[in-house]
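Numbers for residues simply follow the sequence, beginning at 1. Heavy atoms only: backbone and side chains are in, while hydrogens, waters and symmetry mates are out.
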Amino acid sequence: MPLIGYARVSTDDQTLLPQAQALKAAGCSVIREEHGSGGNRARPVLTSVLDGIRKGDTLVVVRIDRLARSLSHLLEIIEQLEAKSAFFRSIEDPIDTASPQGKFTLQVLGAAAEFERALIRERTKAGLASARLEGRIGGNPGLRARNPEALRKVRLARHDGYMERVAQTAGDWVPHVRRLRPHMAWEDILRIINASLPQNRQWTQPRLLRAVRAYVRDGFLPEEVLGRAARRVGDDRLPAIVAAIKGADPQITLQAICDRLEAMRERTPRGRTTWQPSSVKMLLAQAEKLGMLSLRGV
């Protein structure tokens with residue numbers, strides 16, 4: 001199975017060569033290198049590596065501190081790998097999730113992390129109780145007094161934080177929403193969006209609608225996208241979906257559209273689960289006759 005190596009140093013003046021040599025000696029077919037702090041979880045190269053991991057792959061590092069600086073972050077990454085049926089190995093540490101010994105070590109680490117979190121909770125509760133006995137109450141005084149200006153600042157800060165997080169994923173859904181609403185129902189748009197995304201980045205309908213409403217309020221999307229979708233007859237739903245996929249990528253092949261429809265768990269006109277290029281070609285022809293392709297700018 002492919003071994004994917006990941007090497008990291010904190011600063012540009014440090015060398016990645018020793019890690020790269022160790023990873024190559026361990027049999028890694030691909031080695032990705034990154035300069036960045038281990039305390040920063042939002043590392044672009046690491047994110048790209050985790051997104052690209054496939055079933056059966058193994059992510060390999062020289063030491064676990066090259067991957068994560070905290071036990072919680074390490075366990076979070078390993079959970080992502082396990083969700084994809086992938087594995088993790090550290091060359092200098094006794095962790096290899098493909099082996100029983102490595103899994104046992106991981107379970108011990110997980111128990112230690114839970115124990116650490118319990119201790120932190122108990123210390124926090126004790127500290128708060130002690131502060132209350134001394135007459136000290138935590139929190140923002142303005143919020144405790146329900147001061148309108150303080151409440152407004154908190155709402156704005158929360159909104160800004162939410163919009164910043166949404167902006168990081170806007171490329172996944174904004175183009176589809178802009179092109180397809182209100183011509184297509186939210187359920188179908190959601191399936192089109194999720195078909196091209198890894199499982200850990202897929203959207204739910206409430207979460208998508210919240211993001212769309214926020215973008216409409218701030219003027220990034222027109223109000224029309226929130227309008228009621230026109231009711232479709234059963235015969236033109238599949239042509240509409242195929243036209244939407246084609247519209248998102250005019251160069252997409254018939255086989256790639258088949259793969260996308262199967263990922264969406266969409267059945268063929270005859271009720272089958274496996275799609276053939278000939279069926280897609282027929283639906284594209286229907287979509288063109290119905291004016292759907294021209295409507296979506298293909």
Side-chain angles (χ1 to χ4, degrees), residues 1-123 165 168-169 172 194-203 259 262-263:
M1 294 297 181
L3 302 180
I4 314 298
Y6 174 76
R8 180 192 64 79
V9 291
S10 298
T11 61
D12 291 336
D13 58 350
Q14 294 176 302
T15 178
L16 287 158
L17 183 58
Q19 293 182 58
Q21 290 175 337
L23 292 169
K24 185 176 181 180
C28 292
S29 57
V30 176
I31 299 175
R32 302 292 302 277
E33 301 178 346
E34 185 162 39
H35 290 80
S37 170
N40 178 18
R41 298 193 179 195
R43 283 173 261 153
V45 174
L46 177 59
T47 300
S48 174
V49 169
L50 294 175
D51 286 345
I53 288 286
R54 296 292 181 262
K55 181 178 180 180
D57 291 352
T58 299
L59 176 62
V60 184
V61 297
V62 175
R63 298 186 308 276
I64 58 175
D65 66 345
R66 297 302 86 197
L67 183 66
R69 283 291 184 84
S70 68
L71 184 54
S72 62
H73 189 204
L74 175 63
L75 295 175
E76 177 185 319
I77 292 173
I78 293 176
E79 285 179 1
Q80 292 182 42
L81 295 174
E82 289 182 338
K84 293 185 172 185
S85 298
F87 307 103
F88 169 71
R89 180 190 304 171
S90 175
I91 296 174
E92 296 184 6
D93 303 293
I95 299 180
D96 182 350
T97 60
S99 71
Q101 295 87 347
K103 290 182 178 179
F104 175 74
T105 301
L106 191 60
Q107 290 171 353
V108 172
L109 289 175
E114 179 58 33
F115 180 64
E116 180 183 15
R117 287 192 292 268
L119 289 178
I120 292 173
R121 287 194 296 269
E122 290 302 318
R123 286 196 293 266
R165 293 192 302 273
Q168 296 174 359
T169 62
D172 295 339
N194 285 339
S196 60
L197 296 177
Q199 188 173 6
N200 63 333
R201 285 174 50 196
Q202 291 189 355
W203 292 77
D259 296 339
E262 289 176 8

- Item | Atom of Gln80, atom of Leu50 and distance for their closest heavy-atom approach | OE1-CD1, 3.7 Å
- So do Leu81 and Phe87 actually touch side chain to side chain, heavy atoms under 4.5 Å? no
- Message: Are Leu23 and Ile91 packed together at the side-chain level, in the sense that at least one heavy-atom pair is separated by less than 4.5 angstrom?
- Response: yes
- Query: Does Lys84 reach the side chain of Asp57, with side-chain heavy atoms less than 4.5 Å apart?
  - Reply: no
- Task: Measure from the side-chain N and O atoms of Gln19 to the backbone N and O of Leu16, and report whether any donor-acceptor pair falls under 3.5 Å.
- Result: no
- Any donor and acceptor pair, going by atom type alone, linking the side chain of Arg43 with main-chain N or O of His35 inside 3.5 Å? no
- Task: For the residue pair Val49 and Ile4, establish whether any side-chain heavy-atom pair is separated by less than 4.5 Å.
- Result: yes
- Message: Please report the interatomic distance CD(Gln21) to NZ(Lys24), rounded to the nearest 0.5 Å.
- Response: 9.0 Å
- Looking only at heavy atoms, which two atoms of Ser90 and Ile64 are closest? And how far apart? OG-N, 3.5 Å
- Answer yes or no: is there a side-chain heavy-atom contact under 4.5 Å between Leu46 and Glu34? yes
- Message: If you compare all heavy atoms of Gly27 against all heavy atoms of Leu3, which two are closest, and at what distance to 0.1 Å?
- Response: O-CD1, 3.6 Å
- Residues Arg89 and Ala26: closest non-hydrogen pair is NH1-O, 4.4 Å
- Looking only at heavy atoms, the pair that brings Ser37 and Arg8 closest together is C-NH1, 3.8 Å
- Query: Minimum heavy-atom separation for Leu67 to Tyr6, with atom names?
  - Reply: CD1-CD2, 4.1 Å
- Query: Tell me, do Val61 and Phe88 make a side-chain contact under 4.5 Å, heavy atoms counted?
  - Reply: yes
- Query: Could you state the interatomic distance from CD1 (Ile77) to CD (Glu82), rounded to the nearest 0.5 Å?
  - Reply: 12.5 Å
